[in-house]
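The structure displayed is predicted, hence computed values, not measured ones. Reminder, nothing fancy here: chain letters follow the sequence lines and each chain counts from 1.
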There are 2 protein chains.
Amino acid sequence: MYRLDTYGMRSAQTAATISVLDRYLAILDAVKESERSTSITELATRTNMPKSTVSRLAAGLVDQRFLVRNADGTVGLGLRVFELGARAGLPRRLMTAAAPVMRELWEATGDRVGIWVHHGAEMVSLAAVAGRLPMLPTRAGMRSPALTTASGKAFLAFCADRTVVDRLSAELVPDAASGFRHELDLVRASNVATDAGVAYPGIVAVASPVFSADRTVIGAVSLAGPADSMNAQHAAPLVRAAGLSMSRRLSAA
Amino acid sequence: MYRLDTYGMRSAQTAATISVLDRYLAILDAVKESERSTSITELATRTNMPKSTVSRLAAGLVDQRFLVRNADGTVGLGLRVFELGARAGLPRRLMTAAAPVMRELWEATGDRVGIWVHHGAEMVSLAAVAGRLPMLPTRAGMRSPALTTASGKAFLAFCADRTVVDRLSAELVPDAASGFRHELDLVRASNVATDAGVAYPGIVAVASPVFSADRTVIGAVSLAGPADSMNAQHAAPLVRAAGLSMSRRLSAA
DNA sequence: AGGAGCGTCCCACGGAGTGGGACAGCCGAG
DNA sequence: CTCGGCTGTCCCACTCCGTGGGACGCTCCT
């Protein structure tokens, strides 16, 4: 394993040697990705591994209850991943700090409230409170593109790591990239980012960054509602206040 | 690897060959178990592995963001375990079915409400409400002994798999075991189990089973409060109703 | 400087993981 | 009933990846 393959390997292929861990996690991811429970054969195709290997590895994961085996032979995510996930430090701290604030925001607006953290090219939802009106499936563990969503922009605007922003905006054509930079400037000035139906048509979202004690962004709080009933201008101060409040509570603890 | 060691291995030791997966998961568990973030050396002692091995394996887990590396070199659980955990099927379905009911129960009583599923000799908490936000686990992933807690007894009383009950009650001295069986009979008759300070001193808990569509128990809902301010007799009907309501919602979806 | 602690890296060794293929069970079609 | 196609599992020779003692570099104390 290991990042550098000391001997140059010719030919395309995947190469770069795959460790056992990669295989196990590929299986877990494949299971996660599929909405319902998954058959071994399906996993084999999705992960590009021999069926026999998947069978063996999956059996190991089942033994450890990272997967559960259903009566029909398919597998789903097991209890153990839940136990682990529920203990992940950063999400927990953010969530406990955010919970009461999210609720206040929800009571004040009735719209969908969510908290997000950044990962790669996406934002990962930690928790969401459903709004009263039309619902896109928003739930914990869900991902949304960082570049286009309000929460993503709120995060990126304050992201200290320039390389992250550069890498993401590299996918844009030059003038879109400069427009994007400009937008981030505005976000920095106002502490709120907005998305008016770009990421999800008909839905307006407003988001504000959340900072940890050392003043680095760790996520964003967002408010989203139908374009016709929600007013971004009106919501902005509320969301900004929520972001600030979460940051304060996070530092306090 | 594999369960049966075909050749008898003499001497004590651990033996029984340990697979890579076991090692990885031992590390994850060790990290989970410790409240705060953990050093590599500490993990090495806790898991009984050479430091060098732990370092390498942990690095792999960090690469995959199953662990996060803090500035001081310690590690904690990463975002990825959270993402996985948030998608585990059974907990999710139970939680979404349970959330509104838990909230009602909380509003009616003000006491601590939790839902639990069974695993081995313990009950695992899926979610606990102290605040008003549904779906925000206060202390999810926590474990309690199945034998002594209200939720454990509520589950065991209806557990179709006799071997589970037998195996657990095997640890009791004979007359305690028969007393336990008798108590389970009462639970079956009333649909509620009670624990008055045995598992946790000064705390009274009442629990009721939750059934899936096929009428098998999958967990329990519990209500817990301080012994002096909570009345088990009074709470019982509410908890029983909550259990029924959850079961109904679970079958409906 | 010296020492004690940490985490990482190196690399010869060997056992653990690999996966093609045989196999058994379960359907629905012929 | 028998066939073919579909599952998931098991076997086992081959080999490659994980192993871990020990060297190393680092940061803190004393």
If you check the [X] side chain, which of [options] turns out closest?
| X | options | value |
| --- | --- | --- |
| T53(B) | dT19(D), dG22(D), dG21(C) | dT19(D) |
| S52(A) | dG18(D), dG19(C), dT9(D) | dG19(C) |
| R69(B) | dT18(C), dT8(C), dG20(D) | dT8(C) |
| V20(A) | dT8(C), dG18(D), dG19(C) | dG18(D) |
| K51(A) | dC10(D), dT9(D), dT8(C) | dT9(D) |
| R56(B) | dT19(D), dG19(C), dC9(C) | dT19(D) |
| P50(B) | dG21(C), dA16(C), dG20(D) | dG20(D) |

Quickly work out the [X] [atom1] to [N] [atom2] distance and round it to whole Å.
| X | N | atom1 | atom2 | value |
| --- | --- | --- | --- | --- |
| N48(A) | dT18(C) | CG | P | 15 Å |
| Y24(A) | dC17(D) | OH | P | 15 Å |
| D22(A) | dC16(D) | CG | P | 18 Å |
| L21(A) | dT19(D) | CG | P | 11 Å |
| D72(A) | dT7(D) | CG | P | 13 Å |
| I18(B) | dG14(C) | CD1 | C1' | 17 Å |
| L57(B) | dA16(C) | CG | C1' | 14 Å |
| E42(B) | dG5(C) | CD | P | 15 Å |

Any side-chain N or O of R23(B) under 4.0 Å from OP1/OP2 of dT19(D)? yes
When you compare the side chains of W116(B) and S222(B), does any donor N or O come within less than 3.5 Å of an acceptor on the partner? yes
Do R65(A) and H119(B) meet the criterion of a side-chain donor-acceptor pair at a distance under 3.5 Å? yes
Plane angle bin for F155(B) and H118(B) - parallel if under 30°, tilted between 30 and 60°, otherwise perpendicular: parallel
For N191(A) and S208(A), the nearest pair of non-hydrogen atoms, with its separation, is O-OG, 2.9 Å
R87(A) and E83(A) ion-paired at < 4.0 Å: no
